[in-house]
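Working notes, structure below.
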Amino acid sequence: ETISVQRHSQINNNLSIVPVPATDMVTVRFDNPNYQNALIQVYDATGRLVASEQTQNNSLNLSISQYVAGLYFVHVQTGNETQIAKMIKK
């Protein structure tokens, strides 16, 4: 199976994670103002929760320097809607 790596991960033109792959820091951005006050949770490839942050504005800088290299899933919850994006730690 081939994994495609993009310079950013984007869902529905509303959510982006840059850079991909990342080493120390990622920025989770919301182009939709309805995503303010979102809960951001990061899970590793085994499904273990490794971070949980609440944001009050349209972006969040997240330090990933302590993460082990690999694939992670970023869940963004606003109300009853959840978006999921992939993130790769180098």
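Computed from heavy atoms alone, side chains included, the values below leave out hydrogens, waters and symmetry copies.
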- [ ] Check step by step if side chain to side chain contact (heavy atoms under 4.5 Å, CB included) holds for Ile64 and Tyr72.
- [x] CA-CA 10 Å; Ile64 62 168; Tyr72 292 83; over 6 Å; no
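Using a 4.5 Å cut-off on side-chain heavy atoms (C-beta onward), Lys89 and Val68 make no contact. Residues Ile84 and Tyr43 are not in side-chain contact: their nearest non-hydrogen atoms beyond the backbone lie 4.5 Å or more apart. Residues Leu39 and Gln41 form a side-chain contact, since some pair of their non-hydrogen atoms from C-beta on lies under 4.5 Å apart.
One distance of note links CD1 of Ile17 with CZ of Arg29; it measures 11.0 Å at 0.5 Å rounding. One finds the OG atom of Ser63 at 7.0 Å from the CG atom of Asp24 (value rounded to the nearest 0.5 Å). For the atom pair CG (Leu71) and OG1 (Thr46), the distance works out to 11.0 Å, reported to the nearest 0.5 Å. Atom CG of Leu62 and atom OG1 of Thr55 lie 10.5 Å apart (nearest 0.5 Å).
A donor-acceptor pair shorter than 3.5 Å cannot be found between the side chains of Ser59 and Asn61. A donor atom on one side chain and an acceptor atom on the other are not found under 3.5 Å apart for Gln56 and Gln54.
Note: the hydrophobic cluster containing Val74 does not contain Met25 (ILVMFWY, side chain heavy atoms under 4.5 Å, direct or indirect links).
The two residues Ala51 and Tyr67 make their nearest non-hydrogen contact at CB-OH, 3.2 Å.
Residue Gln66 qualifies as open at atom CD: its count of foreign heavy atoms under 6.0 Å is 12 or below.
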